[in-house]
Amino acid sequence: MDLSVKYMGITLKNPIVIGSSGLTSSVHKIEELAKKGVGAVVVKSLFEEQILKESYMASDAGIFDYPGAYDYVQAYSVENAISEYLSLLQDAKKNVDIPV
């Protein structure tokens, strides 16, 4: 039986789309969903406010002896969060044949 549908110009093999949740938070979970036959997955969005909050929390966790250390930790936290998110998207797109 052909269950394929077109959604916003994208052809899906079926109308089952897993929304943004913990189910789409890692490449392994996305691969499992694809094996089970979902039509597409939606990963959580990355918001600037979330990144800044996490970087402030990481910076406030320690006591810094050097004035530049606080800025360095914040910059590293922001860069790391963006890098991890982009890696999730790239690896997921590379490893599954469904829209991500």
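Values reported hereafter were calculated over all heavy atoms of this structure, with side chains retained and with hydrogens, waters and symmetry mates removed.
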Practice task
For atom CD of Glu31, decide whether the heavy atoms of other residues, nucleotides or ligands shown that lie under 6.0 angstrom number more than 12.
Solution key: yes
Exercise for the section: May I ask you to test the Glu32-His28 pair for a side-chain heavy-atom distance under 4.5 Å? Expected result: yes
Exercise for the section: Give a yes or no on whether the backbone of Glu79 and the side-chain of Ser83 come within a donor-acceptor separation of less than 3.5 Å. Expected result: no
Exercise for the section: Look up atom CD in Glu84 and atom CD1 in Ile51, then write down how far apart they are to the nearest 0.5 Å. Expected result: 10.5 Å
Exercise for the section: Find the distance between OG (Ser21) and NZ (Lys44) and round it off to the nearest 0.5 Å. Expected result: 7.0 Å
Handout entry: Spatial distance of atom CD1 (Ile82) from atom OG (Ser87) [nearest 0.5 Å]
Key = 12.0 Å
Handout entry: Distance in Å, Met1 CE paired with Asn14 CG, rounded so as to fall on 0.5 Å steps
Key = 12.0 Å
Completion exercise
Of all heavy-atom pairs linking Ala92 and Val27, the shortest is N-CG2, 4.0 Å
Exercise for the section: Looking only at non-hydrogen atoms, find the nearest pair between Pro99 and Gly39 and report the distance. Expected result: CD-O, 3.3 Å
Handout entry: Rounded distance (nearest 0.5 Å) linking atom CG of Leu89 with atom NZ of Lys94
Key = 12.5 Å
Handout entry: Residue among Val96, Leu23, Ile30 satisfying side chain to side chain contact (heavy atoms under 4.5 Å, CB included) with Val41
Key = Ile30
Exercise for the section: Could you tell me the separation between the CG atom of Asp91 and the OG atom of Ser26, rounded to the nearest 0.5 Å? Expected result: 11.0 Å
Exercise for the section: Mark yes or no for whether Lys13, through its side chain, and Leu3, through its backbone, hold a donor-acceptor pair below 3.5 Å. Expected result: no
Practice task
Hydrophobic side-chain clustering at under 4.5 Å (ILVMFWY, transitive links): who's grouped with Val5? Put none if nobody.
Solution key: Tyr7, Met8, Ile10, Leu12, Val17, Val42
